[in-house]
Amino acid sequence: MLDKVDIKVKAGDGGDGSVSMRREKFVPFGGPDGGDGGQGGDVIVRADSCVSTMTFFHNKRLYKAENAGAGQRQKMHGKNGDDLILTVPLGTVVQVRDENEDLVALADLAEPGQQVVAARGGKGGRGNFHFATSTNQTPRLAEKGVPGEEKDIVLELKLIADVGIIGYPNVGKSSLLGAATAANPKIADYAFTTLEPMLGMVETAKERFVLCEIPGLIEGAHMGKGLGHDFLRHAVRTRVLIHLLDGASPSPADDMIAVNNELSLFDASLSRKAQIVVINKIDRPEVKKRKAELKKLFKGAGINVRFVSAATGEGVKELMDEVLALLGKYPKAQKLQEAPVPVLYPKGREINFSVEEQDGAWVVHSPELERLVAGSEIRDPEVRRQLGNRISRPSIRHILERSGVKPGDKLRVGDFEWIW
Ligand SMILES: Nc1nc2c(ncn2[C@@H]2O[C@H](COP(=O)(O)OP(=O)(O)OP(=O)(O)O)[C@@H](O)[C@H]2O)c(=O)[nH]1
Ligand SMILES: [Mg+2]
């Protein structure tokens, strides 16, 4: 089962603003009418109950939302890029890799339709009509669109089962799942028959709950031995564990201790989960013979052990009723995060501004001015003059002068240089 994928997502770039002048008969000096660029599409991850696996993501690594169109004449807005929606199974945790390569949880998509923006589309650049002022009726400035975010994300499916069946290989976990639910897992007399978590729905007279076989628990599982700890992740969300033991094992008690040990080594919260300890294969004569002895042994450790036969069904219904009663004492699986962590993305109009001195010039850092430089034809002297005026606006002038910029100093914004 493919339940964890590493993919790259790229949101759509914002469209560039356009530079255009209105041309009409009888209007000698048509005003600026270059429209704004469209908004780039977002990449959205959405949980859908119709989807049960992530195999779809197996073949492709990069997922891109649509880029937006550039602004057009007559103040026409560029076309917005379409969002890209990635549908994932319920229980998918979306994580994003930060600049230190650490994974940060973005959202835990546990409910149908729940979604998170994994990469935000870029804002469109403004067209030249926004830059008309009383002194400049023919602006030839326009902004470049903001590039869409690009993120490395990890989608991890955490099954949302209410109850997990844990235990050594071959103890009869699949048999119990098959006896208690309509699931039809493979059952065989060798270890590691089950290679991935199997789910089934238990229908009692009162309620239903999801039962899950968690395979691959042997000593060293937390270090990757056997099927490794991959599947232990699935156990993290269950509310109650059925700890199944083989009554025919030399020492069921030692088996239980070993498995519990693995659980706590993997995740301490797992070892604190409510457990019902169950001895299987009671139909076998040698197990029946030990029943009283085993009961006493476990009682000595404060454990009220149950006996079932997954093969004949003996005790299975009673066990499920007991499990249901115990579930009532434990709340529904908690979400990892109260609410999806908002995605940080560059804000459009906010002037986030700084100046620093760098080899004889003042370098201005301002996403807004940088986009304007990138979106305009800066080789054109008229465009350069207009940009210079823009940078000399009182709000900016104030900051520059306070930072120590003097007349005659060289200023640089992106590829554009200007003498103050
Ligand atoms: N006699 C008897 N045999 C059982 C019982 N439950 C399971 N078995 C047998 O035990 C063997 C293992 O059963 P599975 O249900 O595949 O065990 P498992 O724990 O799922 O094993 P893995 O998936 O390999 O970890 C099979 O040969 C079953 O027929 C039972 O109640 N009585
Ligand atoms: Mg099995």
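Computed from a predicted structure; not experimentally measured. As the structure lists them, so they are numbered: ligands from 1, and atoms in each ligand from 1.
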Aromatic ring pairing Tyr63/Phe57, orientation class (parallel under 30°, perpendicular over 60°, tilted between):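 It falls in the perpendicular class, over 60°.
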Have [X] and [Y] got a donor and an acceptor in their side chains that come within less than 3.5 Å?
{"X": "Asp409", "Y": "Trp362", "value": "yes"}
{"X": "Gln72", "Y": "Ser18", "value": "no"}
{"X": "Thr87", "Y": "Asp48", "value": "no"}
{"X": "Asn280", "Y": "Asp246", "value": "no"}
{"X": "Gln114", "Y": "Asp108", "value": "no"}
{"X": "Asp33", "Y": "Ser20", "value": "yes"}
{"X": "Asp255", "Y": "Ser249", "value": "yes"}

Ligand 1 atoms in contact with [X] (distance to a heavy atom under 4.0 Å):
{"X": "Ser309", "value": "31 (O)"}
{"X": "Asp283", "value": "1 (N), 2 (C), 30 (C), 31 (O), 32 (N)"}
{"X": "Tyr190", "value": "24 (O)"}

Filtering Ser175, Gly167, Gly172 for the heavy atom nearest atom 17 (O) of ligand 1 leaves Gly172
Could you give me the CA-CA distance, side-chain angles and deciding distance for Asp36 and Arg126, then say whether salt bridge (Lys or Arg N to Asp or Glu O under 4.0 Å) is met? CA-CA 4 Å; Asp36 301 344; Arg126 289 178 292 166; over 6 Å; no
Does ligand 1 have an atom under 4.0 Å from some heavy atom of Ala191?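 The answer is yes: ligand 1 sits under 4.0 Å from a heavy atom of Ala191.
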With a 4.0 Å cut-off on heavy atoms, is Glu213 touching ligand 1?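 Yes, Glu213 has a heavy atom closer than 4.0 Å to ligand 1.
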What part of [X], side chain from CB on, backbone N/CA/C/O, both or neither, has a heavy atom under 4.0 Å from ligand 1?
{"X": "Ala188", "value": "backbone"}
{"X": "Asn170", "value": "both"}
{"X": "Arg284", "value": "side chain"}

Any side-chain heavy-atom pair of Gln95 and Glu156 under 4.5 Å: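 Contact flag for Gln95/Glu156 side chains = yes.
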Checking Lys291 against Phe307: charged group under 6.0 Å from the ring centre and within 45 degrees of the axis? yes
Give yes or no for whether the N/O distance cutoff of 3.5 Å, strictly under, is met between [X] and ligand 1.
{"X": "Pro169", "value": "no"}
{"X": "Thr194", "value": "yes"}
{"X": "Val171", "value": "yes"}
{"X": "Lys173", "value": "yes"}

Salt bridge or not for Glu417 and Arg412, using N-O below 4.0 Å? yes
For a distance under 2.8 Å, give residue and atom name for each protein N, O or S atom next to the Mg ion (ligand 2). Ser174 OG, Thr194 OG1, Glu213 OE2
